[in-house]
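Source: prediction; values computed, not measured. What you see below is based on every heavy atom in this structure, not just the backbone, and it leaves out hydrogens, waters and symmetry mates.
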Amino acid sequence: MSEPGEPQRGSRRRTRLYALTDGRTAAPQTVLTMDTTITAAVGADAQGGLPTEWQAVLAMCAPPGGLAVAEIAARMRIRLTPMTLLLGELADRGLIHHQPPLQGAETTNVHMLMRIRDNLARI
């Protein structure tokens, strides 16, 4: 059985990626890496007329958490490069928010790491 937000397997035909990205082969306005965090910018009520694959991505990336580009690609069973194009299209249309990965200095900030540890201990 599949998880919510995961595309269903079966006889349903998949939409060609070039149709989902309007034939785009590069995302000039949005630069995404495999560890960029993606969060949906629209709720389920605003997804009605969107392609099924777009809806699946938005459902997977519901706030507040979000997922990394690589994880979305793996769950959707789409290669990384086409997935970054698809997500770039969603970003350019304002359907997702994207946050770059933490920089090296941010990951070695001891005070931040201690706050994370303390908040995890409260859970």
Side-chain angles (χ1 to χ4, degrees):
M1 181 166 215
S2 63
E3 294 180 25
E6 197 172 305
Q8 295 178 2
R9 295 174 189 93
S11 62
R12 193 171 51 91
R13 285 182 71 172
R14 292 186 89 160
T15 305
R16 300 242 180 215
L17 287 174
Y18 64 81
L20 295 173
T21 60
D22 291 336
R24 182 186 298 190
T25 57
Q29 296 179 11
T30 305
V31 177
L32 302 171
T33 61
M34 62 188 259
D35 50 354
T36 299
T37 301
I38 304 295
T39 308
V42 296
D45 56 334
Q47 299 177 17
L50 298 177
T52 306
E53 288 83 354
W54 289 18
Q55 290 179 21
V57 168
L58 294 172
M60 275 187 243
C61 300
L67 293 173
V69 170
E71 187 171 352
I72 297 167
R75 289 184 181 195
M76 295 286 295
R77 299 187 194 308
I78 297 175
R79 292 178 187 256
L80 193 57
T81 299
M83 180 53 69
T84 57
L85 294 175
L86 189 150
L87 293 171
E89 182 69 25
L90 293 177
D92 291 348
R93 292 176 183 247
L95 297 172
I96 61 170
H97 298 294
H98 54 93
Q99 181 177 351
L102 295 175
Q103 299 299 319
E106 294 172 307
T107 60
T108 58
N109 180 334
V110 174
H111 298 292
M112 182 186 73
L113 294 174
M114 288 172 54
R115 283 195 316 253
I116 291 170
R117 179 199 64 198
D118 293 343
N119 288 329
L120 287 173
R122 286 188 207 134
I123 295 178

Exercise. CE/M83 to CD/E53 distance, rounded to the nearest 0.5 angstrom?
Worked result: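 Answer for the CE-CD pair, M83 versus E53, is 9.0 Å.
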
Exercise. CD1 of I96 to OG1 of T37: how many Å apart, nearest 0.5 Å?
Worked result: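 Between atom CD1 of I96 and atom OG1 of T37 there are 11.0 Å.
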
For this session: Assess whether side-chain contact (heavy atoms from CB on, under 4.5 Å) is satisfied between I72 and C61, documenting all intermediate values.
Result: CA-CA 8 Å; I72 297 167; C61 300; 3.3 Å; yes

Exercise. Can you list the steps and then say if V57 with L95 is a side-chain contact (heavy atoms from CB on, under 4.5 Å)?
Worked result: CA-CA 10 Å; V57 168; L95 297 172; over 6 Å; no

For this session: Could you walk me through whether L87 and T84 pass side-chain contact (heavy atoms from CB on, under 4.5 Å), step by step?
Result: CA-CA 5 Å; L87 293 171; T84 57; 5.7 Å; no

Problem set entry | Residues in side chain to side chain contact (heavy atoms under 4.5 Å, CB included) contact with T33, at least two apart in sequence or another chain |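 Partners of T33 under the side chain to side chain contact (heavy atoms under 4.5 Å, CB included) test: D35, T36, P101.
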
If you take all heavy atoms of [X] and [Y], which pair is closest and at what distance?
| X | Y | result |
| --- | --- | --- |
| G94 | A41 | O-CB, 3.5 Å |
| M76 | M60 | SD-CE, 3.0 Å |
| A68 | M34 | CB-O, 3.8 Å |

Exercise. Heavy-atom distance under 4.5 Å between the side chains of L90 and I38, does that happen here?
Worked result: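 They are not in side-chain contact.
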
Exercise. Could you go step by step and tell me if L67 and R75 meet the side-chain contact (heavy atoms from CB on, under 4.5 Å) rule?
Worked result: CA-CA 10 Å; L67 293 173; R75 289 184 181 195; 3.8 Å; yes

